[in-house]
**Student:** 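My questions all concern the structure below.
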Amino acid sequence: MREFDLILFGVTGYTGKLVAEALLASPEPGLKWAVAGRNLEKLKGVVADIAQRFPEAASLALVVADVADAAQMADLAKRTSVVCTTVGPYAKLGDAMVAACVAEGTDYCDLTGEVSWMRQNIDAYHSVAAQKKCRIVHAAGFDSIPFDIGVYAVQKHSFDKYGKPSTVITTATRALKGGFSGGTVASMGVLFDAIAEDRTLLRLMANPYALVPGGTGPDKNDSKCVEYWPEHGVWTAPFIMAGCNTRVVRRTHALLGMPWGEDFSYAEASGTGPGVSGWMRAHLLRLALGTLVLSLAVPMVRGVLVGWLLPAPGEGPSERQRREGRFSARVVGECGDERVVVDVSCEGDPGYLATSRMLAQTAVALAKDELPEMYGVLTPGALMGDVLLKRLPKVGVHFKLRS
Ligand SMILES: NC(=O)c1ccc[n+]([C@@H]2O[C@H](COP(=O)([O-])OP(=O)(O)OC[C@H]3O[C@@H](n4cnc5c(N)ncnc54)[C@H](OP(=O)(O)O)[C@@H]3O)[C@@H](O)[C@H]2O)c1
(Lines give C-alpha, C1' and ligand atoms only; values in the text may rest on other atoms or scores of the structure.)
Protein backbone atom coordinates (compact mmCIF):
# COMPACT_ATOMS: atom_id res chain seq x y z
CA MET A 1 0.00 0.00 0.00
CA ARG A 2 1.57 3.29 -1.07
CA GLU A 3 1.20 6.70 0.53
CA PHE A 4 -0.59 8.18 -2.53
CA ASP A 5 -2.70 6.82 -5.38
CA LEU A 6 -1.41 9.53 -7.66
CA ILE A 7 1.28 12.23 -7.78
CA LEU A 8 0.92 14.96 -10.39
CA PHE A 9 4.44 16.07 -11.38
CA GLY A 10 4.86 19.44 -13.12
CA VAL A 11 2.00 21.29 -11.46
CA THR A 12 3.96 24.57 -11.58
CA GLY A 13 3.87 24.50 -15.40
CA TYR A 14 1.12 25.81 -17.65
CA THR A 15 -0.50 22.42 -18.40
CA GLY A 16 0.26 20.81 -15.04
CA LYS A 17 -1.80 23.45 -13.23
CA LEU A 18 -4.72 22.75 -15.57
CA VAL A 19 -4.46 19.02 -14.83
CA ALA A 20 -4.64 19.76 -11.08
CA GLU A 21 -7.74 21.87 -11.71
CA ALA A 22 -9.25 19.08 -13.83
CA LEU A 23 -8.70 16.60 -10.97
CA LEU A 24 -10.35 19.00 -8.56
CA ALA A 25 -13.25 19.86 -10.87
CA SER A 26 -14.19 16.16 -11.29
CA PRO A 27 -13.10 14.69 -7.96
CA GLU A 28 -12.62 10.93 -7.82
CA PRO A 29 -14.03 9.58 -4.54
CA GLY A 30 -11.31 8.35 -2.21
CA LEU A 31 -8.40 9.39 -4.46
CA LYS A 32 -5.30 10.22 -2.38
CA TRP A 33 -3.15 12.52 -4.46
CA ALA A 34 -0.33 15.01 -4.18
CA VAL A 35 1.42 17.53 -6.41
CA ALA A 36 5.12 17.68 -7.21
CA GLY A 37 7.55 20.21 -8.62
CA ARG A 38 11.20 21.15 -8.36
CA ASN A 39 10.79 24.34 -6.34
CA LEU A 40 8.92 24.35 -3.00
CA GLU A 41 8.15 28.08 -3.00
CA LYS A 42 6.76 27.94 -6.54
CA LEU A 43 4.74 24.85 -5.62
CA LYS A 44 3.22 26.63 -2.62
CA GLY A 45 2.38 29.66 -4.77
CA VAL A 46 0.65 27.60 -7.47
CA VAL A 47 -1.33 25.58 -4.94
CA ALA A 48 -2.42 28.79 -3.18
CA ASP A 49 -3.56 30.15 -6.52
CA ILE A 50 -5.52 26.99 -7.35
CA ALA A 51 -7.05 27.05 -3.84
CA GLN A 52 -8.75 30.35 -4.64
CA ARG A 53 -11.05 28.43 -6.99
CA PHE A 54 -10.83 25.01 -5.33
CA PRO A 55 -10.30 25.52 -1.56
CA GLU A 56 -9.64 21.78 -1.04
CA ALA A 57 -6.36 22.23 -2.97
CA ALA A 58 -4.88 23.89 0.13
CA SER A 59 -4.64 20.50 1.82
CA LEU A 60 -2.77 18.78 -1.04
CA ALA A 61 0.61 17.32 -0.02
CA LEU A 62 3.61 18.88 -1.78
CA VAL A 63 6.53 16.79 -3.05
CA VAL A 64 9.78 18.42 -4.12
CA ALA A 65 11.56 16.61 -6.94
CA ASP A 66 13.96 17.63 -9.68
CA VAL A 67 14.55 15.36 -12.66
CA ALA A 68 18.29 15.90 -12.23
CA ASP A 69 18.18 14.23 -8.78
CA ALA A 70 17.91 10.44 -9.13
CA ALA A 71 17.21 9.92 -5.41
CA GLN A 72 14.28 12.37 -5.53
CA MET A 73 12.93 10.62 -8.63
CA ALA A 74 13.13 7.22 -6.91
CA ASP A 75 11.50 8.59 -3.75
CA LEU A 76 8.64 10.17 -5.74
CA ALA A 77 8.03 6.93 -7.66
CA LYS A 78 8.09 4.84 -4.43
CA ARG A 79 5.48 6.97 -2.67
CA THR A 80 2.70 6.60 -5.21
CA SER A 81 0.87 4.00 -7.32
CA VAL A 82 0.68 6.34 -10.33
CA VAL A 83 2.83 9.22 -11.58
CA CYS A 84 1.11 11.65 -13.95
CA THR A 85 3.68 14.02 -15.42
CA THR A 86 3.59 17.20 -17.48
CA VAL A 87 7.31 17.88 -17.05
CA GLY A 88 8.40 18.41 -20.64
CA PRO A 89 9.82 18.62 -23.28
CA TYR A 90 9.81 14.93 -22.48
CA ALA A 91 12.72 14.08 -24.79
CA LYS A 92 14.80 16.51 -22.74
CA LEU A 93 13.37 16.12 -19.22
CA GLY A 94 11.37 12.89 -19.19
CA ASP A 95 13.91 10.02 -19.03
CA ALA A 96 14.52 10.05 -15.27
CA MET A 97 10.83 9.83 -14.30
CA VAL A 98 10.12 6.92 -16.65
CA ALA A 99 13.24 5.09 -15.44
CA ALA A 100 12.26 5.58 -11.79
CA CYS A 101 8.69 4.41 -12.39
CA VAL A 102 9.84 1.26 -14.17
CA ALA A 103 12.41 0.58 -11.42
CA GLU A 104 9.80 0.99 -8.67
CA GLY A 105 6.92 -0.73 -10.53
CA THR A 106 4.89 2.50 -10.53
CA ASP A 107 2.28 3.17 -13.19
CA TYR A 108 2.91 6.28 -15.29
CA CYS A 109 1.13 8.53 -17.79
CA ASP A 110 2.11 11.65 -19.71
CA LEU A 111 1.27 14.00 -22.57
CA THR A 112 4.12 13.31 -24.90
CA GLY A 113 3.60 13.45 -28.64
CA GLU A 114 7.31 12.91 -29.29
CA VAL A 115 7.42 9.74 -31.39
CA SER A 116 11.18 9.24 -31.24
CA TRP A 117 11.13 9.47 -27.43
CA MET A 118 8.24 7.03 -27.18
CA ARG A 119 10.14 4.59 -29.40
CA GLN A 120 13.24 4.97 -27.23
CA ASN A 121 11.14 4.01 -24.18
CA ILE A 122 9.52 1.09 -25.98
CA ASP A 123 12.98 -0.27 -26.85
CA ALA A 124 14.39 0.36 -23.37
CA TYR A 125 11.46 -0.49 -21.11
CA HIS A 126 8.61 -2.42 -22.74
CA SER A 127 9.87 -5.86 -21.68
CA VAL A 128 11.13 -4.90 -18.24
CA ALA A 129 7.95 -2.93 -17.44
CA ALA A 130 5.87 -5.91 -18.56
CA GLN A 131 7.88 -8.20 -16.24
CA LYS A 132 7.33 -5.80 -13.35
CA LYS A 133 3.60 -5.52 -14.17
CA CYS A 134 3.99 -1.80 -14.61
CA ARG A 135 2.13 0.38 -17.14
CA ILE A 136 3.79 3.27 -18.95
CA VAL A 137 1.12 5.16 -20.88
CA HIS A 138 2.26 7.84 -23.32
CA ALA A 139 0.20 10.23 -25.47
CA ALA A 140 -2.67 10.70 -23.03
CA GLY A 141 -3.62 14.20 -24.23
CA PHE A 142 -4.80 15.73 -27.49
CA ASP A 143 -1.91 13.71 -28.93
CA SER A 144 -3.48 11.13 -29.24
CA ILE A 145 -6.59 10.28 -27.20
CA PRO A 146 -9.35 11.69 -29.46
CA PHE A 147 -7.89 9.76 -32.42
CA ASP A 148 -6.78 6.60 -30.64
CA ILE A 149 -10.09 6.27 -28.79
CA GLY A 150 -12.09 7.43 -31.86
CA VAL A 151 -10.61 4.52 -33.85
CA TYR A 152 -11.18 2.18 -30.90
CA ALA A 153 -14.85 3.27 -30.83
CA VAL A 154 -15.27 2.63 -34.58
CA GLN A 155 -13.82 -0.86 -34.20
CA LYS A 156 -15.98 -1.61 -31.17
CA HIS A 157 -19.11 -0.70 -33.15
CA SER A 158 -17.85 -2.58 -36.24
CA PHE A 159 -17.55 -5.79 -34.18
CA ASP A 160 -20.78 -5.20 -32.24
CA LYS A 161 -22.91 -4.53 -35.31
CA TYR A 162 -21.21 -6.41 -38.17
CA GLY A 163 -19.13 -9.00 -36.32
CA LYS A 164 -15.92 -7.91 -38.03
CA PRO A 165 -13.46 -4.99 -37.94
CA SER A 166 -13.23 -2.01 -40.24
CA THR A 167 -10.12 -2.67 -42.32
CA VAL A 168 -9.67 0.94 -43.45
CA ILE A 169 -10.22 3.88 -41.10
CA THR A 170 -9.71 7.57 -41.86
CA THR A 171 -10.08 10.57 -39.55
CA ALA A 172 -10.64 14.08 -40.91
CA THR A 173 -10.75 17.03 -38.54
CA ARG A 174 -13.79 19.28 -38.95
CA ALA A 175 -13.19 22.15 -36.53
CA LEU A 176 -10.03 23.05 -34.65
CA LYS A 177 -9.55 26.19 -32.61
CA GLY A 178 -6.84 26.28 -29.98
CA GLY A 179 -3.49 27.73 -29.00
CA PHE A 180 0.03 26.68 -28.13
CA SER A 181 1.84 26.70 -24.79
CA GLY A 182 5.52 27.44 -24.31
CA GLY A 183 6.12 23.80 -23.36
CA THR A 184 4.69 22.60 -26.67
CA VAL A 185 6.80 25.07 -28.66
CA ALA A 186 9.87 23.98 -26.65
CA SER A 187 9.07 20.31 -27.41
CA MET A 188 8.97 21.05 -31.13
CA GLY A 189 12.28 22.94 -30.82
CA VAL A 190 13.92 20.02 -29.00
CA LEU A 191 12.72 17.69 -31.74
CA PHE A 192 14.05 19.86 -34.57
CA ASP A 193 17.39 20.27 -32.80
CA ALA A 194 17.63 16.50 -32.30
CA ILE A 195 16.90 15.91 -35.99
CA ALA A 196 19.61 18.41 -36.97
CA GLU A 197 22.09 16.36 -34.93
CA ASP A 198 20.87 12.91 -35.90
CA ARG A 199 19.27 12.55 -39.34
CA THR A 200 18.30 8.91 -38.66
CA LEU A 201 15.48 10.31 -36.51
CA LEU A 202 13.82 11.54 -39.71
CA ARG A 203 13.79 7.99 -41.06
CA LEU A 204 12.27 6.72 -37.81
CA MET A 205 9.58 9.39 -37.80
CA ALA A 206 8.74 8.76 -41.46
CA ASN A 207 8.12 5.09 -40.64
CA PRO A 208 4.35 4.66 -40.23
CA TYR A 209 5.07 1.74 -37.88
CA ALA A 210 7.68 3.63 -35.83
CA LEU A 211 6.01 2.59 -32.55
CA VAL A 212 5.69 -1.07 -33.51
CA PRO A 213 9.26 -2.44 -33.52
CA GLY A 214 9.59 -4.66 -36.58
CA GLY A 215 6.02 -3.79 -37.60
CA THR A 216 4.90 -3.66 -41.22
CA GLY A 217 1.59 -3.18 -42.99
CA PRO A 218 -0.11 -1.48 -45.89
CA ASP A 219 0.31 2.12 -44.68
CA LYS A 220 2.78 4.59 -46.16
CA ASN A 221 3.95 7.80 -44.49
CA ASP A 222 1.23 10.48 -44.09
CA SER A 223 0.26 12.31 -47.26
CA LYS A 224 1.75 15.81 -47.66
CA CYS A 225 -0.71 16.71 -50.45
CA VAL A 226 -4.12 18.31 -50.78
CA GLU A 227 -6.57 15.45 -51.44
CA TYR A 228 -10.30 14.93 -51.75
CA TRP A 229 -11.59 12.29 -49.32
CA PRO A 230 -14.89 11.00 -50.77
CA GLU A 231 -15.84 9.00 -47.66
CA HIS A 232 -15.82 12.28 -45.72
CA GLY A 233 -17.05 14.48 -48.59
CA VAL A 234 -14.32 17.06 -47.90
CA TRP A 235 -10.99 18.33 -49.18
CA THR A 236 -8.07 17.64 -46.86
CA ALA A 237 -4.65 19.10 -46.08
CA PRO A 238 -1.85 17.44 -44.05
CA PHE A 239 -2.59 17.36 -40.32
CA ILE A 240 0.27 18.37 -38.02
CA MET A 241 -0.57 15.71 -35.45
CA ALA A 242 -0.96 12.79 -37.86
CA GLY A 243 2.74 11.91 -37.52
CA CYS A 244 2.11 11.02 -33.87
CA ASN A 245 -1.54 9.92 -33.81
CA THR A 246 -1.33 7.41 -36.67
CA ARG A 247 1.69 5.75 -35.04
CA VAL A 248 -0.12 5.53 -31.71
CA VAL A 249 -3.20 3.97 -33.37
CA ARG A 250 -1.00 1.35 -35.07
CA ARG A 251 0.69 0.56 -31.74
CA THR A 252 -2.72 0.16 -30.12
CA HIS A 253 -3.58 -2.35 -32.83
CA ALA A 254 -0.32 -4.25 -32.28
CA LEU A 255 -0.72 -4.27 -28.47
CA LEU A 256 -4.24 -5.67 -28.82
CA GLY A 257 -2.85 -8.55 -30.93
CA MET A 258 -3.82 -7.26 -34.41
CA PRO A 259 -7.60 -7.92 -34.08
CA TRP A 260 -8.30 -5.51 -36.98
CA GLY A 261 -6.34 -7.65 -39.45
CA GLU A 262 -2.86 -7.62 -40.97
CA ASP A 263 -4.13 -5.30 -43.74
CA PHE A 264 -5.61 -2.72 -41.34
CA SER A 265 -4.94 0.78 -42.67
CA TYR A 266 -5.29 4.16 -40.95
CA ALA A 267 -4.85 7.77 -42.13
CA GLU A 268 -5.54 11.25 -40.77
CA ALA A 269 -5.86 14.69 -42.34
CA SER A 270 -7.28 18.17 -41.71
CA GLY A 271 -10.70 18.42 -43.33
CA THR A 272 -11.30 21.82 -44.94
CA GLY A 273 -14.80 21.34 -46.33
CA PRO A 274 -16.35 20.58 -49.72
CA GLY A 275 -16.29 22.50 -53.01
CA VAL A 276 -13.95 25.17 -54.32
CA SER A 277 -13.76 26.93 -50.96
CA GLY A 278 -12.71 23.68 -49.27
CA TRP A 279 -10.05 23.14 -51.95
CA MET A 280 -8.72 26.68 -51.46
CA ARG A 281 -8.70 26.37 -47.67
CA ALA A 282 -6.79 23.08 -47.97
CA HIS A 283 -4.06 24.76 -50.06
CA LEU A 284 -3.84 27.70 -47.66
CA LEU A 285 -3.65 25.39 -44.66
CA ARG A 286 -0.90 23.32 -46.30
CA LEU A 287 1.06 26.50 -46.97
CA ALA A 288 0.56 27.75 -43.39
CA LEU A 289 1.63 24.41 -41.95
CA GLY A 290 4.76 24.34 -44.11
CA THR A 291 5.65 27.88 -42.99
CA LEU A 292 5.13 27.02 -39.31
CA VAL A 293 7.29 23.91 -39.54
CA LEU A 294 10.05 25.76 -41.40
CA SER A 295 10.03 28.63 -38.88
CA LEU A 296 10.29 26.27 -35.93
CA ALA A 297 12.98 24.18 -37.62
CA VAL A 298 15.40 27.12 -37.88
CA PRO A 299 16.71 27.82 -34.34
CA MET A 300 17.36 31.52 -35.04
CA VAL A 301 13.83 32.15 -36.36
CA ARG A 302 12.35 30.12 -33.49
CA GLY A 303 14.37 32.17 -31.00
CA VAL A 304 12.96 35.41 -32.44
CA LEU A 305 9.37 34.11 -32.51
CA VAL A 306 9.35 32.74 -28.92
CA GLY A 307 8.18 35.45 -26.56
CA TRP A 308 6.95 37.60 -29.48
CA LEU A 309 4.50 35.51 -31.53
CA LEU A 310 4.99 32.23 -29.71
CA PRO A 311 4.69 31.64 -25.93
CA ALA A 312 7.69 31.03 -23.66
CA PRO A 313 7.75 28.10 -21.15
CA GLY A 314 5.06 28.57 -18.51
CA GLU A 315 2.84 30.58 -20.87
CA GLY A 316 -0.17 29.51 -22.92
CA PRO A 317 -3.67 30.44 -24.05
CA SER A 318 -5.68 32.69 -21.69
CA GLU A 319 -8.64 31.30 -19.75
CA ARG A 320 -11.00 32.88 -22.27
CA GLN A 321 -9.10 31.42 -25.22
CA ARG A 322 -9.20 28.01 -23.54
CA ARG A 323 -12.96 28.28 -23.05
CA GLU A 324 -13.55 29.45 -26.62
CA GLY A 325 -11.44 26.72 -28.23
CA ARG A 326 -13.06 23.70 -29.84
CA PHE A 327 -12.32 20.54 -31.75
CA SER A 328 -14.28 18.04 -33.76
CA ALA A 329 -13.33 15.26 -36.15
CA ARG A 330 -15.06 12.45 -38.00
CA VAL A 331 -13.69 8.92 -37.89
CA VAL A 332 -14.95 6.74 -40.76
CA GLY A 333 -14.49 2.97 -40.87
CA GLU A 334 -14.97 0.81 -43.96
CA CYS A 335 -16.43 -2.43 -42.67
CA GLY A 336 -17.03 -4.59 -45.75
CA ASP A 337 -19.87 -2.85 -47.61
CA GLU A 338 -20.89 -0.94 -44.50
CA ARG A 339 -19.60 2.31 -43.09
CA VAL A 340 -19.17 3.00 -39.36
CA VAL A 341 -18.92 6.67 -38.43
CA VAL A 342 -17.97 8.15 -35.05
CA ASP A 343 -17.87 11.90 -34.44
CA VAL A 344 -15.32 13.03 -31.86
CA SER A 345 -15.57 16.42 -30.17
CA CYS A 346 -13.96 18.25 -27.26
CA GLU A 347 -15.35 21.18 -25.33
CA GLY A 348 -12.76 24.00 -25.08
CA ASP A 349 -9.19 24.30 -26.34
CA PRO A 350 -8.28 20.72 -27.26
CA GLY A 351 -4.56 21.07 -26.49
CA TYR A 352 -5.03 22.44 -22.97
CA LEU A 353 -8.56 22.41 -21.50
CA ALA A 354 -9.56 19.08 -23.04
CA THR A 355 -6.00 17.71 -22.76
CA SER A 356 -5.82 18.39 -19.03
CA ARG A 357 -9.11 16.53 -18.55
CA MET A 358 -8.01 13.61 -20.72
CA LEU A 359 -4.73 13.24 -18.83
CA ALA A 360 -6.49 13.54 -15.46
CA GLN A 361 -8.98 10.81 -16.41
CA THR A 362 -6.18 8.54 -17.70
CA ALA A 363 -4.29 8.97 -14.43
CA VAL A 364 -7.39 8.30 -12.32
CA ALA A 365 -8.25 5.24 -14.44
CA LEU A 366 -4.73 3.88 -13.84
CA ALA A 367 -5.13 4.45 -10.12
CA LYS A 368 -8.71 3.29 -9.61
CA ASP A 369 -10.23 1.32 -12.50
CA GLU A 370 -10.14 -2.35 -13.26
CA LEU A 371 -8.10 -2.54 -16.46
CA PRO A 372 -7.14 -5.46 -18.70
CA GLU A 373 -4.04 -7.44 -17.72
CA MET A 374 -1.64 -5.58 -19.99
CA TYR A 375 1.76 -4.22 -19.01
CA GLY A 376 4.72 -2.49 -20.64
CA VAL A 377 4.88 0.72 -22.70
CA LEU A 378 1.25 1.09 -23.71
CA THR A 379 -1.26 3.35 -25.44
CA PRO A 380 -4.50 4.70 -23.96
CA GLY A 381 -6.53 2.82 -26.61
CA ALA A 382 -4.95 -0.57 -25.91
CA LEU A 383 -5.05 -0.38 -22.11
CA MET A 384 -8.22 1.55 -21.39
CA GLY A 385 -10.30 2.04 -24.54
CA ASP A 386 -13.55 0.93 -22.89
CA VAL A 387 -12.83 2.78 -19.66
CA LEU A 388 -12.07 6.07 -21.43
CA LEU A 389 -15.20 5.74 -23.58
CA LYS A 390 -17.13 5.83 -20.29
CA ARG A 391 -15.03 8.41 -18.46
CA LEU A 392 -14.34 11.04 -21.13
CA PRO A 393 -17.89 12.12 -22.04
CA LYS A 394 -18.34 13.13 -18.37
CA VAL A 395 -15.56 15.69 -18.83
CA GLY A 396 -16.62 17.03 -22.22
CA VAL A 397 -14.83 14.72 -24.66
CA HIS A 398 -17.48 12.96 -26.73
CA PHE A 399 -17.49 9.97 -29.11
CA LYS A 400 -20.85 9.78 -30.89
CA LEU A 401 -21.81 6.93 -33.19
CA ARG A 402 -23.58 8.25 -36.29
CA SER A 403 -24.42 5.09 -38.16
N1 LIG B 1 0.04 16.08 -26.19
C2 LIG B 1 -0.63 17.15 -25.90
O3 LIG B 1 -1.77 17.26 -26.27
C4 LIG B 1 0.02 18.21 -25.06
C5 LIG B 1 -0.70 19.32 -24.65
C6 LIG B 1 -0.10 20.25 -23.82
C7 LIG B 1 1.22 20.09 -23.43
N8 LIG B 1 1.92 19.02 -23.88
C9 LIG B 1 3.31 18.78 -23.47
O10 LIG B 1 3.37 18.90 -22.06
C11 LIG B 1 4.65 19.38 -21.68
C12 LIG B 1 4.48 20.56 -20.73
O13 LIG B 1 3.99 21.68 -21.43
P14 LIG B 1 3.72 23.04 -20.66
O15 LIG B 1 3.32 24.04 -21.65
O16 LIG B 1 2.89 22.78 -19.46
O17 LIG B 1 5.24 23.36 -20.20
P18 LIG B 1 5.75 24.38 -19.07
O19 LIG B 1 4.70 25.35 -18.72
O20 LIG B 1 7.06 24.87 -19.53
O21 LIG B 1 5.93 23.41 -17.80
C22 LIG B 1 7.04 22.56 -17.68
C23 LIG B 1 7.08 21.97 -16.27
O24 LIG B 1 8.28 21.20 -16.17
C25 LIG B 1 8.93 21.57 -14.95
N26 LIG B 1 10.35 21.34 -15.00
C27 LIG B 1 11.26 21.89 -15.82
N28 LIG B 1 12.50 21.44 -15.52
C29 LIG B 1 12.36 20.60 -14.48
C30 LIG B 1 13.25 19.84 -13.70
N31 LIG B 1 14.59 19.86 -13.92
N32 LIG B 1 12.77 19.07 -12.69
C33 LIG B 1 11.44 19.05 -12.44
N34 LIG B 1 10.54 19.77 -13.12
C35 LIG B 1 10.99 20.53 -14.13
C36 LIG B 1 8.61 23.04 -14.80
O37 LIG B 1 8.89 23.44 -13.48
P38 LIG B 1 9.15 25.00 -13.09
O39 LIG B 1 7.79 25.61 -13.03
O40 LIG B 1 9.82 24.91 -11.79
O41 LIG B 1 9.97 25.61 -14.21
C42 LIG B 1 7.14 23.03 -15.15
O43 LIG B 1 6.39 22.57 -14.07
C44 LIG B 1 5.38 19.71 -22.98
O45 LIG B 1 6.23 18.63 -23.29
C46 LIG B 1 4.28 19.82 -24.00
O47 LIG B 1 4.71 19.50 -25.31
C48 LIG B 1 1.35 18.08 -24.69
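The basis for the numbers below is simple: all heavy atoms, side chains too, and nothing from hydrogens, waters or symmetry mates. Here, residue 1 is the first one in the sequence, and each next residue gets the next number.
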**Student:** Would you please indicate yes or no on a ring centroid separation below 6.0 angstrom for Tyr108 and Tyr125?
**Tutor:**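 When the ring centroids of Tyr125 and Tyr108 are compared, they turn out to be at least 6.0 Å apart.
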
**Student:** Answer yes or no: is there a side-chain heavy-atom contact under 4.5 Å between Leu392 and Ile145?
**Tutor:**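 Yes, close enough: below the 4.5 Å cut-off.
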
**Student:** So, do Trp117 and His138 have ring centers that fall under 6.0 Å from each other?
**Tutor:**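 Yes.
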
**Student:** Quick check: do Met73 and Phe9 have side-chain heavy atoms less than 4.5 Å from each other?
**Tutor:**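 When only atoms from C-beta onward are counted, Phe9 and Met73 do touch, with a gap below 4.5 Å.
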
**Student:** Could you work out, with salt bridge (charged side-chain N to carboxylate O under 4.0 Å, His left out) as the rule, every residue matching Arg2, not counting sequence neighbours?
**Tutor:**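 Arg2: no salt bridge (charged side-chain N to carboxylate O under 4.0 Å, His left out) contacts found.
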
**Student:** Do Tyr14 and Thr86 have side-chain atoms, one donor and one acceptor, less than 3.5 Å apart?
**Tutor:**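 Short answer, no.
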
**Student:** Any salt bridge (charged side-chain N to carboxylate O under 4.0 Å, His left out) pairs touching residues 114-127, not counting sequence neighbours?
**Tutor:**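 Non-adjacent pairs meeting salt bridge (charged side-chain N to carboxylate O under 4.0 Å, His left out): Arg119-Asp123.
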
**Student:** Quick one: ring pair (Phe, Tyr, Trp, His ring centres under 6.0 Å) partners of Tyr209, sequence neighbours excluded?
**Tutor:**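 None.
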
**Student:** Determine, for Asp148 against Arg251, whether the closest basic-nitrogen to carboxylate-oxygen distance falls under 4.0 angstrom.
**Tutor:**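 Salt bridge flag = no for Arg251 with Asp148.
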
**Student:** Please list, chain by chain and in numerical order, all residues satisfying salt bridge (charged side-chain N to carboxylate O under 4.0 Å, His left out) with Asp49, sequence neighbours excluded.
**Tutor:**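 Testing Asp49 for salt bridge (charged side-chain N to carboxylate O under 4.0 Å, His left out), a comparison that skips the adjacent residues, returns Lys17.
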
**Student:** Could you check, using the six-membered ring where one of them is a Trp, whether Phe327 and Phe142 have ring centers closer than 6.0 angstrom?
**Tutor:**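 Distance test on ring centres: under 6.0 Å, yes.
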
**Student:** Please indicate whether Met374 has more than 12 foreign heavy atoms, meaning atoms of other residues, nucleotides or ligands, lying under 6.0 Å from its CE.
**Tutor:**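 Enclosed.
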
**Student:** According to salt bridge (charged side-chain N to carboxylate O under 4.0 Å, His left out), does anything in residues 208-223 pair up with another residue at least two apart or in another chain? List the pairs.
**Tutor:**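 As it turns out, the salt bridge (charged side-chain N to carboxylate O under 4.0 Å, His left out) pairs with a partner in residues 208-223, which skip direct neighbours, are Asp219-Arg250, Asp222-Arg247.
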
**Student:** Trp260: what forms a side chain to side chain donor-acceptor pair (under 3.5 Å) with it, not counting sequence neighbours?
**Tutor:**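 Scan of Trp260 (side chain to side chain donor-acceptor pair (under 3.5 Å), adjacent residues dropped) gives none.
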
**Student:** Please collect all salt bridge (charged side-chain N to carboxylate O under 4.0 Å, His left out) contacts where either partner lies in residues 362-374, sequence neighbours excluded, each pair once.
**Tutor:**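 Salt bridge (charged side-chain N to carboxylate O under 4.0 Å, His left out) check on residues 362-374 returns Asp5-Lys368, Lys133-Glu373, Asp369-Arg391.
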
**Student:** Please list all pairs passing the salt bridge (charged side-chain N to carboxylate O under 4.0 Å, His left out) test where one or both residues lie in residues 175-199, with sequence neighbours left out.
**Tutor:**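 Applying salt bridge (charged side-chain N to carboxylate O under 4.0 Å, His left out) to every pair that reaches into residues 175-199, excluding sequence neighbours, yields Asp193-Arg302.
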
**Student:** Suppose we screen for side chain to side chain donor-acceptor pair (under 3.5 Å). Which residues come up paired with Gln131, at least two apart in sequence or across chains?
**Tutor:**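 Per chain and number, Gln131 pairs via side chain to side chain donor-acceptor pair (under 3.5 Å) with no residue.
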
**Student:** How far apart are the C-alpha atoms of Arg339 and Glu334, what are their side-chain angles, what is the distance that settles it, and do they pass the salt bridge (Lys or Arg N to Asp or Glu O under 4.0 Å) test?
**Tutor:** CA-CA 5 Å; Arg339 202 162 260 183; Glu334 309 289 339; 3.4 Å; yes

**Student:** Taking only distance into account, with no hydrogens and no angle test, what donor-acceptor pairs under 3.5 Å do side-chain atoms of residues 30-42 form with protein atoms, sequence neighbours excluded?
**Tutor:**
unit_1	atom_1	unit_2	atom_2	d
Asn39	OD1	Glu41	N	3.0
Asn39	OD1	Lys42	N	3.0

**Student:** Taking only residues two or more places apart in sequence or in another chain, which ones pass salt bridge (charged side-chain N to carboxylate O under 4.0 Å, His left out) with Asp107?
**Tutor:**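 Partners of Asp107 by the salt bridge (charged side-chain N to carboxylate O under 4.0 Å, His left out) criterion, ordered by chain and then number, come out as Arg135.
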
**Student:** Could you list the residues that satisfy salt bridge (charged side-chain N to carboxylate O under 4.0 Å, His left out) with Arg203, not counting sequence neighbours?
**Tutor:**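 Arg203: no salt bridge (charged side-chain N to carboxylate O under 4.0 Å, His left out) contacts found.
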
**Student:** Are side-chain N/O atoms of Thr184 and Tyr352 paired as donor and acceptor at under 3.5 Å?
**Tutor:**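 Their side chains do contain a donor-acceptor pair, which is all the 3.5 Å distance test asks for.
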
